[in-house]
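Keep in mind the model is a prediction, meaning the values are calculated, not measured. Every number for a ligand or one of its atoms is a count from 1 in the order of the listing.
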Amino acid sequence: MPKVPFVNFPAQFEEERAELIPLLEEVFRRGDFVGGAAVEALEQDLAEYLGVPYVVALNSGTDALILGLKALEIGPGDEVITPPNSFVASAAAIVAVGAKPVFADVQADQNIDPAAVAAAITPNTRAIMPVHIAGRPADMMAILALAERYNLAVIEDAAQSIGTRLNGRMTGTFGQVGCFSGHPLKNLNAAGDAGFLATTDAAIARQVRLLRNHGMVDRNTVVTWGTVSRLDTLQAVLLQFRLKRLDGVIARRRANAAHYAAQLDSRAVIPVGLPGAFETFHLLVVQVDRRDELQTYLQDEGIQTAIHYPVPIHLQPVAAEYGYRLGSFPICEQQANRILSLPIHHFLTKSQIDWVSDRISTFYDR
Ligand SMILES: *Cc1c(COP(=O)(O)O)cnc(C)c1O
């Protein structure tokens with residue numbers, strides 16, 4: 001393992017093992033591997049944590065986005081506005097339901113710029129899909145105001161932002177639909193693919209429950225064409241177990257971020273979030289000059305870093321059909337060349353952070 005790894009799954013497992021293993025064994029003894037009481041219990045705990053009436057557990061965050069869009073009846077001919085600096089899943093979900101992704105540039109904090117959203121609205125716009133990037137809340141007050149004014153749905157990509165709040169309210173609970181991921185790399189992580197959708201709308205919850213299980217209301221009656229996106233019971237048990245520890249994980253990540261903020265060289269810029277933001281640091285993304293050189297230097301020093309994401313979605317080969325080009329979203333593109341995600345996981349020590357900070361200063365002072 002590198003001296004400062006980007007993630008530390010063995011440490012997470014060792015911390016949990018004694019309490020966790022009996023819970024998993026129980027699933028094997030009961031033999032209810034798909035759905036069942038454990039999944040419902042997780043949904044209830046998540047609903048309580050988020051402060052929403054309905055949570056539907058699904059197979060992935062991507063499916064939460066796709067089934068959420070479907071439940072909002074978004075499809076061919078519709079446009080959905082989303083930022084170009086996200087993981088590809090955000091735009092891919094829009095394409096998966098037959099709609100068109102329309103990108104809007106981001107602000108200095110890497111979140112979608114409400115003014116750019118306003119400028120991207122056309123008569124075909126049906127929804128706005130903000131992404132709370134890195135666990136930092138997007139400007140939901142401005143986005144909700146636009147949605148109200150133009151009668152648009154809001155579907156939040158909260159895959160990176162469980163526990164993130166803005167003015168005391170959880171991200172993923174501002175719009176009609178909030179989409180979360182339980183992917184192993186996310187702050188609330190399963191041991192495989194997992195996701196869930198939060199909503200305040202009973203009809204949306206009902207529809208997504210149908211869609212995730214082939215549109216079956218019972219064993220023998222199919223009322224809509226659906227798909228399979230059920231959450232495995234083992235993953236549900238694991239996520240329920242980890243949800244109890246999530247606030248502790250977030251506290252450790254926030255403490256790490258605060259320590260970085262105090263130690264880091266001013267040549268590594270941490271963008272400032274909105275007033276009223278409670279950030280959860282799924283990622284700690286700094287913006288730096290000579291990013292690629294710095295990344296290689298840190299790699300040689302045993303410090304693992306990552307780039308989320310080096311090629312914006314509008315510049316991916318697959319997006320060519322939409323006619324964007326270099327220069328379409330200058331702020332996103334400039335950031336794509338400068339962003340670097342430093343290790344922030346909850347097993348990082350203060351001395352490791354000091355050392356990363358020290359290496360960054362050394363790199364620029366050489
Ligand atoms: C991880 C992620 C997703 C997709 O979640 P999966 O569970 O991997 O399908 C969607 N959007 C963003 C911003 C993500 O980071």
Can you tell which part of A159 has a heavy atom less than 4.0 Å from ligand 1: side chain, backbone, both or neither?
-> side chain

Under 4.0 Å from ligand 1, counting heavy atoms only, is it the side chain of T62, its backbone, both or neither?
-> both

Under a 4.0 Å threshold between the charged nitrogen and the carboxylate oxygen, would [Y] count as salt-bridged to [X]?
X: R209; Y: E43; result: yes
X: E73; Y: R126; result: no
X: D78; Y: K100; result: no
X: R252; Y: E15; result: yes
X: D300; Y: R359; result: no

Which residue and heavy atom of the protein sit nearest atom 11 (N) of ligand 1, plus the separation = D157 OD2, 2.7 Å

What's the shortest distance from atom 7 (O) of ligand 1 to any protein heavy atom, and which residue and atom give it?
-> S181 OG, 2.6 Å

Out of curiosity, is [X] lining ligand 1, as in a heavy atom under 4.0 Å away?
X: A194; result: yes
X: S86; result: yes
X: V131; result: yes

By side chain to side chain contact (heavy atoms under 4.5 Å, CB included) - contacts of M141 (at least two apart) | D139, L166, N167, F174

With a cut-off of 6.0 Å (strictly less than), are more than 12 heavy atoms of other residues, nucleotides or ligands near CD of E321?
-> yes

Tell me, yes or no, whether the heavy-atom count around R366 atom CZ, taken from other residues, nucleotides or ligands under 6.0 Å, exceeds 12.
-> yes

Looking at ligand 1, does any of its N/O atoms fall within less than 3.5 Å of an N/O of G61?
-> yes

Decide whether an N or O pair under 3.5 Å exists between Q160 and ligand 1.
-> yes

Considering the heavy atoms of S60, write down every atom of ligand 1 situated less than 4.0 Å from one of them.
-> 7 (O), 9 (O)

Which atoms of ligand 1 have any heavy atom of A89 under 4.0 Å away?
-> 3 (C), 4 (C), 10 (C)

Among H183, H132, K186, H308, which one has a heavy atom closest to atom 14 (C) of ligand 1?
-> K186

